Asker: 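Following this message is one structure expressed as structure tokens.
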Amino acid sequence: MIDWLRINFNEVQPDKALAIRAIRHLKKREKIKLFSPDISQMRAAEGRWYEALVYEMLLDIAKKSDRIGAVVRKGADAPFPPDEILLGQNGLFYSTRGDIKLRGNGQDLAEFDLMLLDDTGAVAFGEIVTSPSDIKKMEEEILYKKRILGYLFGQATVPFMLFSSVDISRTTAAKRLMRQHGSTIIVTRSCEELKSLLRMHDTRGIPRKPVRNAKLIDLHAVQPKRPFDYRQLHDRRRDRVLEALVKKESTETLKKADDIPPIVKKIIFGALYPSGIRALCRETEFSIRDHMYSCNDVLDHFSKVIIAADLPGYEPVIYLRLKHKKEYLKMVPTRGGGFKVESKRSVRMKGFFLWLESVEPTLGANITTRFVDQFIKQ
């Protein structure tokens, strides 16, 4: 299937009718922004439209080959409303806008721009890009997706397609990805050239309506063959790392392969008792809106401090729960050794927010000091 798509995908060049059909996947405000004079807004809407266009091209070309067994519904073709996000939710689900999400304990672990089956029933996925920026981060995400789909579906190889409106085939990251068995890159015409098929008035009056296609299947037909309890796997990994911290084992020891499936992306160690917060404040500092927060400031303004680490590198992360707002500040390390606000976590990220809300204080000064020594100072 991968070889056939690489050879044949660009044989079907989109026309105006197909370009207009792709608009049905966009929300009303995205249709307006598609021709916005604000470049950043226009590029974001253009990226969503291009992703929809590649999906529509795939639907058309799937009819021409038995090597493509099925294409998973997404966007306007996804059932609505989607399943409610719940703590403890594991598997593949649709978001409110029809994106395909893999969840673990309600948290979004990965998003798949495209998902399809080949003629043997093997699960494959596609990534769609419109810019060469952040390609290193994209490479890490793709390798994670290949690894987790291989584990969940029992596949030694997970076929993968990278669709791009810019030629990134010569980048180091893309070359590494293409060396992965069962992978290909398909470069289409540029977004600017493809969007020239449209005029602003073409975006009006396009209903968000599902299409009929014999190759389309619902996401519920593609659930993992190997059911998983992400929270259980997470807690096993967390307990193993906490034990290693107590024993003062090195970070390199923690990175060695073991019997726990490598699908946990982040370890949430737990919330800190006041003694743990004071130990953390003695060793590091927090910068919020250019203001340095003392230990008393942290205790006054935040009801909860949670320590965590992103895998596989064990980069430290701290979440601060605001007292008077349902929101966490995600704090990441600075070059000077302190922490600064990278982003916020609110009820908009419902699954992960519910997980953070469920975390109770369990960690005191001793384990917090070990966390600082192992993951922050090093």
Side-chain angles (χ1 to χ4, degrees), residues 85-91 101-110 140-141 144 148 228-246 249 251 254-255 258 260-277 279-281 283-284 286 298 302-323 325-333 339-376 378:
I85 300 172
L86 299 170
L87 204 61
Q89 203 172 54
N90 300 298
K101 305 278 190 176
L102 177 69
R103 291 187 187 137
N105 195 36
Q107 174 190 358
D108 287 343
L109 303 176
E140 295 171 357
E141 292 175 351
Y144 174 78
I148 197 168
F228 70 112
D229 186 330
Y230 187 83
R231 183 60 185 267
Q232 185 183 70
L233 294 173
H234 168 275
D235 289 354
R236 284 178 61 194
R237 175 66 65 201
R238 179 202 61 199
D239 293 347
R240 192 161 293 184
V241 174
L242 286 174
E243 182 182 353
L245 287 179
V246 171
E249 295 180 358
T251 305
L254 296 175
K255 293 179 182 179
D258 54 26
I260 304 174
I263 64 174
V264 175
K265 296 183 70 174
K266 182 193 299 286
I267 297 176
I268 300 173
F269 291 105
L272 305 183
Y273 288 121
S275 62
I277 296 174
L280 183 65
C281 291
E283 300 292 346
T284 188
F286 298 104
V298 172
F302 303 101
S303 61
K304 193 188 298 185
V305 177
I306 296 173
I307 57 174
D310 287 333
L311 302 183
Y314 289 91
E315 292 88 2
V317 182
I318 295 171
Y319 296 95
L320 303 178
R321 173 61 154 91
L322 291 163
K323 278 188 174 180
K325 193 175 182 181
K326 288 188 175 182
E327 190 172 83
Y328 288 84
L329 301 183
K330 180 184 179 182
M331 311 293 293
V332 297
F339 280 79
K340 65 178 182 180
V341 179
E342 181 192 71
S343 55
K344 299 176 181 179
R345 297 291 180 265
S346 65
V347 289
R348 293 181 63 184
M349 298 181 66
K350 186 177 178 182
F352 189 56
F353 181 83
L354 290 174
W355 191 344
L356 292 177
E357 288 287 83
S358 72
V359 177
E360 297 294 335
T362 55
L363 306 176
N366 290 339
I367 197 67
T368 302
T369 302
R370 289 298 306 135
F371 173 84
V372 170
D373 290 342
Q374 188 81 325
F375 301 132
I376 297 177
Q378 291 187 16

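Heads up: numbering here begins at 1 and tracks the sequence. All values derive from a computational prediction rather than experimental measurement.
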Asker: Determine whether a donor-acceptor pair (N or O, by modelled atom type, separation under 3.5 Å) exists between the side chain of Gln374 and the backbone of Glu249.
Answerer: yes

Asker: Looking only at atom types and distance, does a side-chain atom of Thr284 sit under 3.5 Å from a main-chain N or O of Leu280, one as donor and one as acceptor?
Answerer: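 Not confirmed, Thr284 side chain does not pair with Leu280 backbone.
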
Asker: Check step by step if side-chain contact (heavy atoms from CB on, under 4.5 Å) holds for Tyr230 and Leu109.
Answerer: CA-CA 10 Å; Tyr230 187 83; Leu109 303 176; 3.5 Å; yes

Asker: How long is the gap from CG on Asp235 to CG on Asp229, to the nearest 0.5 Å?
Answerer: 8.5 Å

Asker: Are side-chain heavy atoms of Lys340 and Val332 found at a separation under 4.5 Å?
Answerer: yes

Asker: Can you tell me how far the CZ atom of Arg237 sits from the NZ atom of Lys265, to the nearest 0.5 Å?
Answerer: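 Separation between the atoms: 15.5 Å.
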
Asker: Please check if the number of heavy atoms outside Lys304 that lie under 6.0 Å from its NZ is greater than 12.
Answerer: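 Atom NZ in Lys304 is packed in, count exceeds 12.
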
Asker: Just checking Asp239: does its CG atom have more than 12 heavy atoms from other residues, nucleotides or ligands closer to it than 6.0 angstrom?
Answerer: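 Yes - once you tally the heavy atoms of other residues, nucleotides and ligands closer than 6.0 Å, there are more than 12.
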
Asker: Examine Arg321 relative to Phe302 and say whether NZ or CZ is less than 6.0 Å from the centre of the six-membered ring and inside a 45° cone about the ring axis.
Answerer: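 No cation-pi geometry.
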
Asker: Does a sphere of radius 6.0 Å around NZ in Lys323 hold more than 12 heavy atoms from other residues, nucleotides or ligands, not counting ones at 6.0 Å or beyond?
Answerer: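 Enclosed: over 12 neighbouring heavy atoms sit under 6.0 Å from NZ of Lys323.
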
Asker: Roughly how far apart are His234 NE2 and Ile263 CD1, rounded to 0.5 Å?
Answerer: 12.0 Å

Asker: Check for a donor-acceptor pair, side chain of Asn105 on one end and backbone N or O of Leu87 on the other, with a separation under 3.5 Å.
Answerer: no

Asker: So which atom in Leu233 and which in Pro261 form the shortest heavy-atom distance, rounded to 0.1 Å?
Answerer: CD2-CD, 3.8 Å

Asker: Indicate the atoms forming the closest heavy-atom contact of Ala271 with Val359, along with that distance.
Answerer: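 Between these two residues, the closest heavy atoms are N-CG1, 3.4 Å.
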
Asker: Given side chains that start at C-beta, do those of Tyr314 and Val241 come closer than 4.5 Å, heavy atoms only?
Answerer: yes

Asker: In terms of relative ring orientation, are Phe375 and Phe269 parallel, tilted or perpendicular, with 30° and 60° separating the classes?
Answerer: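 The rings of Phe375 and Phe269 lie parallel, inter-plane angle below 30°.
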
Asker: To the nearest 0.5 angstrom, please state how far the CD1 atom of Ile376 sits from the CZ atom of Phe339.
Answerer: 3.5 Å

Asker: What pair of heavy atoms forms the shortest contact from Tyr144 to Pro262, and how long is it?
Answerer: CE1-O, 4.5 Å

Asker: How far does CD of Glu327 sit from CG of Leu320, to the nearest 0.5 angstrom?
Answerer: 11.5 Å

Asker: Going by the rule side-chain hydrogen bond (donor to acceptor under 3.5 Å, both in side chains), which residues pair with Ser343 if we only count those two or more places apart in sequence or in a different chain?
Answerer: Arg345

Asker: Among Val372, Asp373, Asn366, find the one that has a side chain to side chain contact (heavy atoms under 4.5 Å, CB included) with Thr369.
Answerer: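 Filter result, single survivor: Asp373.
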
Asker: For a quick test of reading the model, state the closest non-hydrogen atom pair linking Gly106 to Ile85 and the distance between them.
Answerer: O-CG2, 3.8 Å

Asker: How long is the straight-line distance from CG of Leu245 back to CD of Glu243, given to the nearest 0.5 Å?
Answerer: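 Those atoms lie 10.5 Å apart.
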
Asker: For Val341, give me all partners under side chain to side chain contact (heavy atoms under 4.5 Å, CB included), at least two apart in sequence or on another chain.
Answerer: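 Applying side chain to side chain contact (heavy atoms under 4.5 Å, CB included) to Val341 gives Ile288, Leu329, Met331.
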
Asker: Compare every heavy atom of Ile268 with every heavy atom of Arg238, then report the nearest pair and how far apart it is.
Answerer: CD-O, 3.4 Å

Asker: Strictly under 6.0 Å, is that where the ring centroids of Phe352 and Tyr328 end up?
Answerer: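 So the answer is no for these two rings.
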
Asker: With no hydrogens and no angle check, is any side-chain donor or acceptor of Asp258 less than 3.5 Å from a backbone partner on Ile260?
Answerer: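 Indeed, once roles are kept as given, a pair shorter than 3.5 Å links the two residues.
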
Asker: Where do Pro316 and Pro333 come nearest, in terms of heavy atoms and distance?
Answerer: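 That would be O-CD, 3.4 Å.
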
Asker: Is there a side-chain contact between Val264 and Leu311 in this structure, where contact means two heavy atoms from C-beta onward sitting under 4.5 Å apart?
Answerer: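 The answer is yes, as the side chains (C-beta and beyond) meet within the 4.5 Å cut-off.
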
